[in-house]
Amino acid sequence: MIPQTKAIAQTLQSILSPAAVCEWENIEIFQQKHLSKSVSADTTPTCIVYPNTQAELAQIIACAHQQRWRVLPCGNGSKLSWGGLAKGIDVVISTERLNRVIEHAVGDLTITLEAGAKFADIQPILAKAGQFIAIDPTYPQTATIGGIVATADAGSLRQRYGGVRDMLLGISFVRYDGEIAKAGGRVVKNVAGYDLMKLFTGSFGTLGIISQVTFRLYPLPEASQTVVLTGTPDAIAQATKTLLASALTPTAVDLLSTQLVANLGLGKGMGLVSRFQSVTESVREQSNRLLEVGEKLSLQCSSYAGNDEANLWQQLQQSMQASATESAIACKIGVLPTAAVATLFQLDKIASGQGMGLIHAGSGLGVLRFESENAIDDVKKMRSHCQSHSGFLTVLEAPISFKQKLDVWGYSGNALDLMQRIKQQFDPKNIFSPHRFVGGI
């Protein structure tokens with residue numbers, strides 16, 4: 001009798017080529033460790049498969065539906081460890097070979113891509129046409145387009161351009177039964193199916209597997225400059241309030257915790273980092289006006305351009321990524337924008353130098369990082385603080401032992417029943433990423 005693990009692999013090899021199916025024992029050790037961070041301790045997938053076309057992907061899902069296999073969708077795996085631990089996974093399905101550009105409509109400022117296309121590979125292609133996708137995702141060198149949508153990972157540019165769902169014009173996905181469904185379109189004016197696209201944005205692979213997406217594009221700005229203000233929480237709060245109430249149009253406005261400012265060598269106290277991107281004259285004038293605001297408030301002021309600016313944003317992003325150490329914990333938070341400075345002040349008090357934070361000033365969304373897996377009490381205190389300010393705290397990355405001790409989502413709203421009904425409608429056999437989402441969905 002053939003063991004189940006071999007039987008699953010053999011069945012999938014009849015759909016794909018043998019080279020597109022890798023059994024668990026043949027997966028490289030480092031990849032095994034990475035995949036293991038996304039599933040419960042008692043779960044070992046049988047294999048990982050790499051479909052080359054949307055049709056192959058649909059065949060795999062149809063087979064999984066018939067056999068009641070549970071699947072874990074992923075792209076390149078850069079954010080696979082985010083969120084809850086999936087349970088009972090039989091097959092990991094990677095879309096990294098679905099990486100083609102379907103259509104780049106330069107005149108319409110749109111691009112349609114397969115979900116496995118790497119963000120870092122697409123931006124240079126668009127740059128040749130003077131365009132870009134206005135998203136600043138985590139792990140930009142390895143993140144795939146589908147993964148960015150599935151985790152709603154927009155980054156600092158949301159200040160000017162909005163979140164991922166604001167960029168999304170169309171989507172194709174494979175349903176639980178292997179059928180390919182579509183919503184939206186390839187032109188900016190087409191808003192049909194907009195609610196469905198919002199539903200898949202941030203769904204963490206629990207409703208279906210995204211196969212293609214269409215993004216709106218923006219022209220590359222002529223010039224860019226970043227202003228950094230550091231100092232006391234009260235002064236930073238006042239500078240932020242003045243900036244957001246002014247006629248200035250920054251593309252990014254981020255508040256930094258005291259520890260993050262110190263680690264980056266930007267000065268002392270909390271920080272306000274604002275990026276201006278437009279024509280050269282506008283960038284220079286807006287930057288100077290914010291520098292004047294900082295000087296009046298007795299803040300330490302500096303500005304960055306060119307390579308120095310690029311390095312600043314790269315270091316800022318890398319500082320908040322938890323994957324640099326095995327024990328680090330990364331959390332996504334949301335609070336009222338008016339409570340952002342108070343939230344970072346609370347973090348400095350609670351974490352005592354062992355935590356860093358960044359909050360997008362316009363939205364109140366941000367990331368906290370804790371350096372030790374023993375920081376469960378600190379995380380609980382910060383969650384309580386966020387919830388008291390009409391917000392939330394979700395654990396993205398953490399050791400499995402940490403996630404087993406704490407509900408990573410911590411959802412306390414009244415929409416769980418609705419979410420469960422949606423899950424039942426889209427995935428009645430519960431084959432997509434079971435238990436990875438809110439409430440064990």
When rounded to the nearest 0.5 angstrom, what distance separates [atom1] in [X] from [atom2] in [Y]?
| X | Y | atom1 | atom2 | value |
| --- | --- | --- | --- | --- |
| Leu126 | Asp121 | CG | CG | 11.0 Å |
| Ile135 | Arg158 | CD1 | CZ | 9.5 Å |
| Arg70 | His435 | CZ | NE2 | 5.5 Å |
| Ile133 | Gln131 | CD1 | CD | 10.5 Å |
| Leu266 | Leu256 | CG | CG | 7.0 Å |

State, without any angle test, whether [X] and [Y] hold a side-chain donor-acceptor pair at a distance under 3.5 Å.
| X | Y | result |
| --- | --- | --- |
| Thr280 | Glu222 | yes |
| His34 | Ser81 | no |
| Ser319 | Asn263 | no |
| Thr44 | Trp24 | no |
| Asp153 | Thr138 | yes |

Is [Y] close to [X] at the side-chain level, that is, under 4.5 Å between some pair of heavy atoms?
| X | Y | value |
| --- | --- | --- |
| Asp254 | Trp313 | yes |
| Phe437 | Tyr411 | no |
| Gln159 | His360 | no |
| Pro140 | Gln317 | yes |
| Met382 | Thr343 | yes |
| Phe426 | Tyr176 | no |

Taking [Y]'s backbone N and O only, do any of them form a donor-acceptor pair with [X]'s side chain (distance below 3.5 Å, no angle check)?
| X | Y | result |
| --- | --- | --- |
| Lys403 | Leu396 | yes |
| Asp177 | Glu179 | yes |
| Gln225 | Ala305 | no |
| Thr43 | Gly88 | yes |
| Trp69 | Ile61 | no |
| Lys79 | Ala143 | no |
| Asn288 | Arg284 | yes |

Minimum heavy-atom distance between [X] and [Y], given as atom pair plus value:
| X | Y | value |
| --- | --- | --- |
| Ile111 | Leu113 | CD1-CD2, 3.6 Å |
| Ala154 | Gly163 | CB-CA, 3.9 Å |
| Ser433 | Gly205 | OG-O, 2.9 Å |
| Ser274 | Leu243 | OG-CD2, 3.3 Å |
| Leu12 | Cys47 | CD1-SG, 3.7 Å |
| Leu72 | Ala86 | CD1-CB, 4.1 Å |

Go through the steps for Phe432 and Ile93 under the test side chain to side chain contact (heavy atoms under 4.5 Å, CB included), then give the verdict.
CA-CA 10 Å; Phe432 291 119; Ile93 302 177; over 6 Å; no

Steps toward side chain to side chain contact (heavy atoms under 4.5 Å, CB included) verdict (Thr226, Asp308)
CA-CA 10 Å; Thr226 296; Asp308 290 339; over 6 Å; no

Atom CG of Asn307: over 12 foreign heavy atoms under 6.0 Å:
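Atom CG in Asn307 is not packed in, count stays at 12 or less.
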
Is the shortest side-chain N to carboxylate O distance from Glu309 to Arg275 below 4.0 Å?
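Yes.
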
Out of Ile180, Leu196, Val213, which residue meets the side-chain contact (heavy atoms from CB on, under 4.5 Å) rule with Phe173?
Leu196

Give the intermediate values and the outcome of side chain to side chain donor-acceptor pair (under 3.5 Å) for residues Asp42 and Ser40.
CA-CA 6 Å; Asp42 59 351; Ser40 59; 2.6 Å; yes

